[in-house]
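Notes follow the structure.
To find a chain, count down the sequence lines: A is the first, B the second, and so on, and within it residues start at 1.
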Amino acid sequence: MSSKLLKIRQILFAGVSYTLFGLGALVVGIFFRLMSVVTFISPPKKQRMIRWCIHKGCLCFIRIMRFFRLIRYEFDVDSMHSAKPGHIVVANHPSLIDVVLLLAVNEQMCCFVKGAIWDNFFTGAVVRQAGFIPNNSELILPMAAAKLEAGENILIFPEGTRTKDDNVLRFKRGAANMAVAVDAPIMPVMIECFPRALKKGDKWYDIPEGGPAFTLRSGELLELDNCIDRSLPRPKQYRHLTAFLENYYNKQLSTSKPAMPEQLNTH
Amino acid sequence: MNAEKQEIFTQVRDILVDLFELEPADIVPEARLSEDLDIDSIDAVDMLVDLKKTINVDISPSQFKQVRTIQDVVDVFAELSAKA
């Protein structure tokens, strides 16, 4: 097939994938919008149901994307699944679909959501019942603390936005603030995307031929006592932990060679 | 800046240097907390706790909301200690 035909096919498949994603989200949204008035199912039960639906939906989406040869992926996240609960999942953020990949490997994970999603009639019903946390709330820390203490795991991208073209990680202090305030351990997940695709500003249909290869790799659970001096004043701990994590990621991402596409199975 | 404000300024500067690992030279009255000194709202709460220990006045986080610069911090504390 000529490269132009391949490109057209790819755009078509990408369009189909994202449309299915949108439709799936709409169905889940309408279903749980209606569920929100159902009172005989307890909120914790509803939360488990919604998170399970989101997890399966994301898994389905990445399988469709892989089937269409739009992405490849490989997961090495056993240490995350066996880590004790109540940790903060910290990940770098190279692409648009990082959160989808992470939700696809975690059945019950808590996320932060934008205010616009929280306040929307449909998405709001879903994320509220899913027990997610609005990122514009003043009570963000106490809410996160309660969830971590109850044994939930919370995902945060310390970069706050997708990694720039220069591949330099610049962490904001939010993740460290939360970890120090709550005294929660950190589960580091390294996400690699090779070649880089779906960056901020990239078009959703602008996908390298054969699809970018994603690898998700989780490290050992990081206890704060082993990362920073906990006797220091808290503002120093926030800064030291942020620097520690930035350094950790730069080391982890530079030592591992990016997986070559042919090493990733495509089935 | 009068003598009292100068004293408060010195205390504020010492606390900032100590808490946030800043250079004393960067802490000037017109320095903005968030843009110039990278002090966010969570830092501000910790800073307030420390400032209250040193400068013995009662201040609530809401009174601290409008504070943007080092000068604002000094002014708020000077005003409160004058009332006290």
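Taking 4.5 Å as the heavy-atom cut-off, the residues of residues 166-182 of chain A that approach chain B are Arg173(A), Asn177(A), ordered by number. Listed by sequence position, the residues of residues 78-94 of chain A in contact with chain B number zero, using a 4.5 angstrom heavy-atom cutoff. Using a 4.5 Å cut-off between non-hydrogen atoms, no part of residues 8-16 of chain B approaches chain A.
Residue contact with chain A, scored on non-hydrogen atoms closer than 4.5 Å, involves the backbone and the side chain of Asp18(B) alike. For chain B, the nearby part of Leu141(A) is the side chain; its heavy atoms alone come within less than 4.5 Å. For Glu138(A), the part lying near chain B is the side chain, with the backbone staying farther off; criterion is any non-hydrogen pair under 4.5 Å.
Pairs of residues two or more places apart, or lying in two chains, never qualify as salt bridge (charged side-chain N to carboxylate O under 4.0 Å, His left out) while including a residue from residues 104-115 of chain A.
Counting non-hydrogen atoms of other residues, nucleotides and ligands closer than 6.0 Å to CD of Glu35(B) gives a total above 12. Within 6.0 Å of NZ in Lys52(B) there are more than 12 heavy atoms belonging to other residues, nucleotides or ligands. Residue Trp204(A) qualifies as enclosed at atom CH2: its count of foreign heavy atoms under 6.0 Å is above 12.
Note that NE2 of His240(A) and CD of Glu21(B) are 3.5 Å apart. Values are rounded to the nearest 0.5 Å.
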Take Arg239(A) and Asp43(B) through the side-chain contact (heavy atoms from CB on, under 4.5 Å) test and state the conclusion after the steps. CA-CA 10 Å; Arg239(A) 283 160 174 76; Asp43(B) 291 332; 2.9 Å; yes
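The shortest heavy-atom contact between Leu19(B) and Pro235(A) is O-CB, 3.6 Å.
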